[in-house]
Amino acid sequence: MIYLPAAFVAVSAALFFRSESNVYAWSDADIPDQAQRIYPKNFAVLDYVPPPTVANLSTQFVPPGYTLEGLKNKPFHIYDEEFYAIIGSNPSLTLLAETNGDPLFHEAVAWYPPTDEVFFVQNAGAKAAGTGLQKSAITQKIALSQVANVTASGERSVAGKVDVVTVDANPAIVNPNGATNYKGGLVFMGEGQGDNITSAIYYLHPEPPYNTTVLLNNYFGRQFNSLNDVAVSPRTKELYFTDVTYGYLQDFRPTPGFPNQVYRFNEKTGLVSIAADGFNKPNGITFSPDGKYAYIADTGAGLGFYGNNQTYPTTIYRFDVEDDGTWSGRKTFAYVTPGLPDGIHCDDKGNVYAGCGDGIQVWNPSGKLIGKIFIGETSANFRESPLTTRLDLYR
């Protein structure tokens with residue numbers, strides 16, 4: 001979870017990205033209707049570069065010759081021809097649901113195949129929602145079968161036509177944040193609440209009555225700071241998760257008791273160990289499809305209710321994953337602007353996607369920016385499913 005300036009939090013919405021085919025040979029004449037080419041060479045040298053008080057991590061960059069509205073109208077931005085293979089011949093972006101002020105659609109996007117539903121959570125610690133210390137953020141879901149029906153017409157907005165259903169987990173997941181598929185169900189990171197409700201990993205059975213089980217809630221008797229995101233190693237099947245101070249920075253968790261770190265949890269043995277440290281604020285986490293690489297999004301520049309520090313990271317790091325599950329070879333993979341890299345995922349080709357300050361940015365496995373799904377606002381998280389290449393949830 002991250003907190004950004006008011007310019008980014010005015011609207012909470014769910015969007016749906018559909019890609020129907022993969023096409024590998026294109027010319028500019030064949031650009032899909034909702035796509036456009038962006039040529040970095042055209043803005044390598046600008047007539048005027050504003051100072052950091054004007055152009056910074058919270059401002060949208062509009063290249064010369066473009067308008068912000070034009071960038072939104074054709075949201076699939078092609079920075080490299082490799083992006084064509086991802087978006088296909090007829091990509092579309094559709095608004096499914098929205099709220100004004102209350103950021104309902106934010107994090108923990110997870111697809112549950114047996115019911116073909118996508119789960120997600122409200123923003124914990126959002127002032128507009130009143131969540132965090134006084135009440136917990138909620139878990140919600142939508143049915144992809146309904147999404148398929150209402151988006152068949154090709155409308156750019158079907159807000160109000162998709163049912164957003166609250167999931168009443170039992171016992172409740174307190175201030176849920178990250179989530180992923182695990183052992184036939186879903187695991188959620190609960191950030192905790194106040195001094196006495198600690199951060200915990202919850203296992204949710206994603207069908208009524210939505211029973212939950214706490215898998216982990218301490219590190220040798222000590223509370224975690226506020227658990228954030230989680231991924232399953234494709235090689236060891238263990239849980240790796242990030243723990244960061246955003247609960248404290250959003251005034252619903254006590255003074256932190258640990259450095260901001262990445263942990264490794266073996267549920268079978270119960271053992272918890274440190275996978276990596278040395279971050280400012282480790283946030284999103286994912287693995288390459290073969291499990292050989294791990295990626296961490298560091299949102300250090302975001303200070304919760306206390307603003308931003310632009311000298312801190314908005315950076316994605318990559319690690320080599322050894323056969324025994326340990327990490328080595330830390331590498332800077334990408335530096336993100338605008339905004340912060342929050343949710344992060346890989347596709348089956350190893351391309352890396354991150355929710356950023358202007359939408360979803362996409363890099364190839366070598367770290368080259370190849371495209372964006374541009375919404376002109378912060379995208380906190382998203383998830384792949386068979387119906388849609390990406391379900392994008394943002395605040």
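Every heavy atom of this structure was used, including side-chain atoms; hydrogens, water molecules and symmetry mates were not.
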Query raised in the report: Are any side-chain N or O atoms of Lys74 and backbone N or O atoms of Asp33, one a donor and one an acceptor, separated by less than 3.5 Å?
Result: yes
Query raised in the report: Side chains of Asn266 and Glu238: do they bring a donor and an acceptor to under 3.5 Å?
Result: yes
Query raised in the report: Among Phe265, Trp327, Tyr182, which residue meets the ring-ring contact (aromatic ring centres under 6.0 Å, His included) test with Tyr240?
Result: Trp327
Requested in this report: Step by step, work out the salt bridge (charged side-chain N to carboxylate O under 4.0 Å, His left out) result for Lys331 and Asp320.
Outcome: CA-CA 9 Å; Lys331 173 186 177 182; Asp320 298 320; over 6 Å; no
Requested in this report: Decide whether a cation-pi geometry holds between Arg330 and Tyr317; the criteria are a distance under 6.0 Å from NZ or CZ to the six-membered ring centre and an angle within 45° of the ring axis.
Outcome: yes
Query raised in the report: Would you say the side chains of Gln36 and Tyr66 form a donor-acceptor pair under 3.5 Å?
Result: no
Query raised in the report: Does a side-chain heavy-atom distance below 4.5 Å link Thr94 with Ser157?
Result: no
Query raised in the report: Knowing that exactly one of Tyr246, Tyr263, Tyr248 qualifies, which makes a ring-ring contact (aromatic ring centres under 6.0 Å, His included) with Phe224?
Result: Tyr263
**Report entry** Heavy-atom side-chain proximity of Ile173 to Val121 below 4.5 angstrom
**Finding:** no
Query - Donor-acceptor contact present, side-chain Lys281 to main-chain Gly300, <3.5 Å - result: yes
**Report entry** Short side-chain to backbone donor-acceptor contact, Gln193 and Thr198, under 3.5 Å
**Finding:** no
Query raised in the report: Does the side chain of Asp251 reach to within under 4.5 Å of the side chain of Tyr306, using non-hydrogen atoms?
Result: yes
